[in-house]
Amino acid sequence: MDIVKARTMPGVMELLPGDQIAYNRVRDTIRATFERFGFLPIETPVMELVSVLLTKSGGETEKQVYFTQSTGARAQGKDPDLALRFDLTVPLARYVAEHEPDLAFPFRRYQMQRVYRGERAQKGRYREFEQCDIDVIGRNDLDLRFDAEIPAVIDQLFTQLDFGPFTIHMNHRKILRGLFAALGIEAGERQTTVLREVDKLDKRGRDAVLATLSEDEYGLGGPLADKLLTILNTRGPGAEVLATLRGLDVSHALLDEGIAEMAVVVEALKALGVPADHWCLNLSIARGLDYYTGTVYETLLDDHPELGSICSGGRYENLAGHYTKSKLPGVGISIGLTRLFSKMQELEIVSSSDSTVQCLVARMDPELDHETIALGAELRAAGINTQVVFDGGKLGKQMKAADKAGIPFVAILGPDELTRGSVQVKNLRSGEQQDIPRAEVGARLLAQLGETS
RNA sequence: GAGGGUGUAGCUCAGUCGGUUAGAGCGCCAGGUUGUGGCCCUGGAGGCCGGGGGUUCGAUCCCCCUCACUCUCCCCA
């Protein structure tokens with residue numbers, strides 16, 4: 001018989017239980033933080049109708065969709081009318097448009113689900129990955145203070161995750177567009193192209209970007225590009241950068257508008273208590289996506305800038321223009337959990353040593369299986385995650401297996417303990433072993449688990 | 001879509017200027033220790049050297065093709 005090699009397709013992340021536990025812990029922290037800020041959960045189907053998902057072709061991500069169809073439709077040679085979502089923003093737009101009458105605005109939702117992109121997998125780039133999104137959607141208007149709340153969530157989150165010092169870089173699309181216009185770079189395609197180049201400042205360096213911008217296709221003379229880059233190189237505390245902007249010898253109505261809006265956000269950030277060293281204004285942050293119209297965010301780990309942004313987003317003027325005539329402005333951010341986790345693993349910042357099993361009931365003597373099974377039930381009744389051994393070999397082997405699996409406690413109930421009416425409980429971390437009256441085992445163990453975790 | 005790199009044990013990799021039984025470390029299994037993990041010692045299992053063709057007396061090694069994986073750019077999370 002032919003054996004088919006068991007393997008996954010490239011670009012997916014599949015974990016062993018130890019790592020999955022660590023992943024779930026990160027995910028739980030994210031969810032708890034989102035809920036702390038009053039965001040509501042929603043989930044949408046993995047598949048959307050093609051007509052809904054691909055409203056406007058041309059976007060880079062839309063070229064990477066996975067189409068799906070039933071075997072019946074396929075046999076009939078029909079074109080697929082379903083596709084896997086490639087982000088959570090488009091489904092959100094559809095969701096809000098569809099349920100608008102039933103939603104309370106501003107609508108604050110969080111969503112943590114997997115998305116799919118058919119691209120060549122490479123380091124930190126997946127075909128299936130989980131995104132954790134929060135967005136606030138307003139009807140007609142959305143207060144600017146929400147733009148400050150988003151980084152406040154991120155601040156809390158990364159503080160709790162404890163992945164090291166981080167900085168939320170912020171900028172404003174109106175400031176960028178205003179600057180472009182003031183310098184004679186006209187709106188539309190040209191600004192978008194320049195924006196995309198500017199976004200690479202940190203990655204490619206000033207000289208490389210300057211060289212590119214000075215090429216014919218960009219139509220920026222050397223001095224003009226130089227001036228632009230000098231301004232965009234500004235970064236620092238909010239108040240300082242705003243002062244710099246106000247003191248520039250260029251002016252434009254859009255620029256002023258952007259500065260004014262940014263000032264409101266900066267004030268709100270202070271009131272929210274986001275520490276000044278956790279965020280900055282960075283005029284070179286552009287974000288590639290052109291649907292952003294206001295504040296934009298990128299979050300970098302100070303010790304690992306090479307990772308790039310681990311969480312980014314921004315404000316958009318109209319979320320669901322393709323699906324409804326209602327004007328629905330929003331602001332949101334997305335965390336690429338799969339990518340984040342894989343990098344944390346690489347840097348050995350997350351540990352996979354803990355098991356969800358808290359206590360292993362060892363098997364001393366097959367004759368006593370009835371007693372160990374009962375002990376397991378007693379421990380579970382006390383609220384302890386318990387696994388009972390039915391065929392673990394010698395005691396030493398059972399211990400070794402428990403230790404390797406990251407199970408913190410082993411309960412031993414052999415003939416001696418049975419006579420005494422007690423149970424030996426061994427802490428594998430400390431090596432301590434106690435003889436505890438059987439009636440008290442559950443409570444005592446629970447107390448010890450509380451101390452260690 | 002464009003351009004690089006790599007395929008040898010479960011994992012990370014040596015190796016052979018082309019030569020007969022292909023190695024190490026880690027991991028795994030068993031034993032040393034008949035009721036106690038981590039350390040140590042001993043032994044063991046496990047490879048059509050990615051696949052096909054060519055050159056050669058002889059190919060894991062050289063050549064060609066192919067497949068797979070991987071990285072960079074593009075774009076993004």
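Numbers restart at 1 for each chain; the letters A, B, ... are given by sequence-line order, proteins then strands.
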Subject >> Phosphate-side-chain proximity, K394(A) and rG32(B), N/O vs OP1/OP2 below 4.0 Å >> reply: yes
Original post:
For the base of rA77(B), is there a side-chain donor-acceptor partner from E298(A) under 3.5 Å away?
Top reply: no
**OP:** Could you check how far CZ of R420(A) sits from P of rG35(B), rounded to whole Å?
**Re:** 15 Å
Original post:
Expressed in whole Å, how much space separates the C1' atoms belonging to rU6(B) and rG58(B)?
Top reply: 27 Å
Subject >> Out of rC69(B), rG35(B), rC76(B), whichever nucleotide has its closest atom nearest the side chain of R125(A) >> reply: rC76(B)
**OP:** With heavy atoms under 4.0 Å as the rule, sort E128(A) into base, sugar-phosphate or nothing.
**Re:** nothing
Original post:
Within the structure, does a side-chain N or O atom of K200(A) lie under 4.0 Å from either OP1 or OP2 of rC73(B)?
Top reply: no
Subject >> P-based separation of rA22(B) from rC41(B) [nearest Å] >> reply: 27 Å
Subject >> Donor-acceptor pair present, Q398(A) side chain and rU36(B) base, under 3.5 Å >> reply: no
**OP:** Identify, between R127(A) and T8(A), the residue whose nearest nucleotide on RNA chain B lies closer to the 5' end.
**Re:** T8(A)
Subject >> With E35(A) via side chain to side chain contact (heavy atoms under 4.5 Å, CB included) - residues at least two apart >> reply: R31(A), Y110(A)
Original post:
So, D354(A) and R429(A), do they make that salt bridge, N to O below 4.0 Å?
Top reply: yes
Original post:
So what does D365(A) touch, heavy atoms closer than 4.0 Å: a base, only the sugar-phosphate, or nothing?
Top reply: nothing
Original post:
When all nucleic acid strands are considered with a 4.0 Å heavy-atom cut-off, which category describes G124(A): base, sugar-phosphate, or nothing?
Top reply: base
Original post:
So, are R27(A) and E130(A) salt-bridged, with charged N and O less than 4.0 Å apart?
Top reply: yes
**OP:** Rounded to whole angstrom, note down the P distance from rC71(B) over to rC13(B).
**Re:** 13 Å
Original post:
Between atom CE of M262(A) and atom NZ of K174(A), what is the distance when rounded to the nearest 0.5 Å?
Top reply: 12.0 Å
Subject >> Candidate nucleotides rA77(B), rC69(B), rG35(B), ranked by approach to the side chain of P10(A) - the nearest >> reply: rC69(B)
Subject >> Which residues share a side chain to side chain contact (heavy atoms under 4.5 Å, CB included) with V425(A), sequence neighbours left out >> reply: F409(A), V423(A), I436(A), V441(A), L445(A)
Subject >> Whole-angstrom distance between rU60(B) and rG51(B), as gauged at atom C1' >> reply: 14 Å
**OP:** Whole angstrom is fine here: how far is it from CE in M9(A) over to P in rU70(B)?
**Re:** 11 Å
**OP:** Answer with yes or no whether R117(A) presents, from its side chain, a donor or acceptor under 3.5 Å of a partner atom in the base of rA77(B).
**Re:** yes
**OP:** For nucleotides rA45(B) and rA2(B), find the distance between their P atoms and express it as a whole number of Å.
**Re:** 49 Å
Original post:
Between rU34(B), rA77(B), rC69(B), which nucleotide gets closest to the side-chain atoms of R7(A)?
Top reply: rC69(B)
Original post:
For the side chain of K123(A), counting heavy atoms from C-beta on, which of rA77(B), rG35(B), rU72(B) is nearest?
Top reply: rU72(B)
Subject >> Rounded P spacing from rC64(B) to rG18(B) in Å >> reply: 16 Å
Original post:
What nucleotide, of rU36(B), rC71(B), rC76(B), holds the atom closest to the side chain of K426(A)?
Top reply: rU36(B)
**OP:** Between rG1(B), rC75(B), rU34(B), spot the one nearest the side chain of E119(A), thanks.
**Re:** rC75(B)
Original post:
Of all residues at least two apart in sequence or in a different chain, which pass the side chain to side chain contact (heavy atoms under 4.5 Å, CB included) check with V350(A)?
Top reply: V26(A), F163(A), F341(A), M344(A), Q345(A)
Subject >> Separation of rC76(B) P from L88(A) CG (nearest whole Å) >> reply: 17 Å
**OP:** Hey, which sits more toward the 5' end of RNA chain B by its nearest nucleotide, E432(A) or A121(A)?
**Re:** E432(A)
Subject >> Length of the line joining M364(A):CE and rU34(B):P, which is rounded to integer Å >> reply: 11 Å
**OP:** Report the C-alpha separation of Y316(A) and D135(A) in whole Å, then their side-chain angles, then the decisive distance to 0.1 Å, and conclude whether the side-chain hydrogen bond (donor to acceptor under 3.5 Å, both in side chains) test is met.
**Re:** CA-CA 11 Å; Y316(A) 33 91; D135(A) 287 87; 2.5 Å; yes
Original post:
When only distance counts, do a donor and an acceptor, one from the side chain of K397(A) and one from the base of rG37(B), lie under 3.5 Å apart?
Top reply: no
Subject >> Presence of donor-acceptor pair under 3.5 Å, side chain of R120(A) and base of rC75(B) >> reply: no
Original post:
Please walk me through it: do K200(A) and E197(A) pass salt bridge (Lys or Arg N to Asp or Glu O under 4.0 Å)?
Top reply: CA-CA 5 Å; K200(A) 294 174 195 159; E197(A) 272 321 300; 3.0 Å; yes
Subject >> Interatomic distance, Q64(A) CD vs rC74(B) C1' [rounded to whole Å] >> reply: 10 Å
I'd like a table of donor-acceptor pairs (distance under 3.5 Å, sequence neighbours excluded) in which one partner is a side-chain atom from residues 153-161 of chain A, with atom names and distances.
residue : atom : partner : partner atom : Å
D155(A) : OD1  : H278(A) : ND1          : 2.5
T159(A) : OG1  : D155(A) : O            : 2.6

Original post:
On a whole-Å scale, what distance lies between the P atoms belonging to rC40(B) and rG25(B)?
Top reply: 13 Å
**OP:** Identify whether any heavy atom of S309(A) sits under 4.0 Å from a base atom; if not, whether one sits that close to sugar-phosphate; answer base, sugar-phosphate or nothing.
**Re:** sugar-phosphate
Subject >> Secondary-structure stems for RNA chain B, with pairs counted as Watson-Crick or G-U when both distances are under 3.5 Å and runs at least 3 long >> reply: B:1-7 with B:67-73, B:10-13 with B:23-26, B:28-32 with B:40-44, B:50-54 with B:62-66
Original post:
Would R438(A) and E417(A) pass as an ion pair if we require N to O under 4.0 Å?
Top reply: no
Original post:
Considering only the P atoms, how many Å lie between rU72(B) and rC49(B), rounded to the nearest integer?
Top reply: 31 Å
Original post:
For the side chain of Q122(A), counting heavy atoms from C-beta on, which of rU36(B), rC75(B), rC71(B) is nearest?
Top reply: rC71(B)
**OP:** Remember a base hit wins even if backbone is also touched, and classify L337(A) as base, sugar-phosphate or nothing at under 4.0 Å, heavy atoms.
**Re:** nothing
Original post:
Just how far, in rounded Å, is P of rC75(B) from CZ of F129(A)?
Top reply: 16 Å
Original post:
With a non-hydrogen cut-off below 4.0 angstrom, is Q433(A) in contact with a base, only sugar-phosphate, or nothing?
Top reply: base
Subject >> d(CG, L428(A); C1', rG38(B)) in whole Å >> reply: 10 Å
**OP:** Pick base, sugar-phosphate or nothing for K343(A), based on heavy-atom distances below 4.0 Å to the nucleic acid.
**Re:** nothing
Original post:
Can you check the R85(A) CZ to rC76(B) P distance for me, whole Å?
Top reply: 21 Å
Subject >> Partners meeting side chain to side chain contact (heavy atoms under 4.5 Å, CB included) with E98(A) (sequence neighbours left out) >> reply: R94(A)
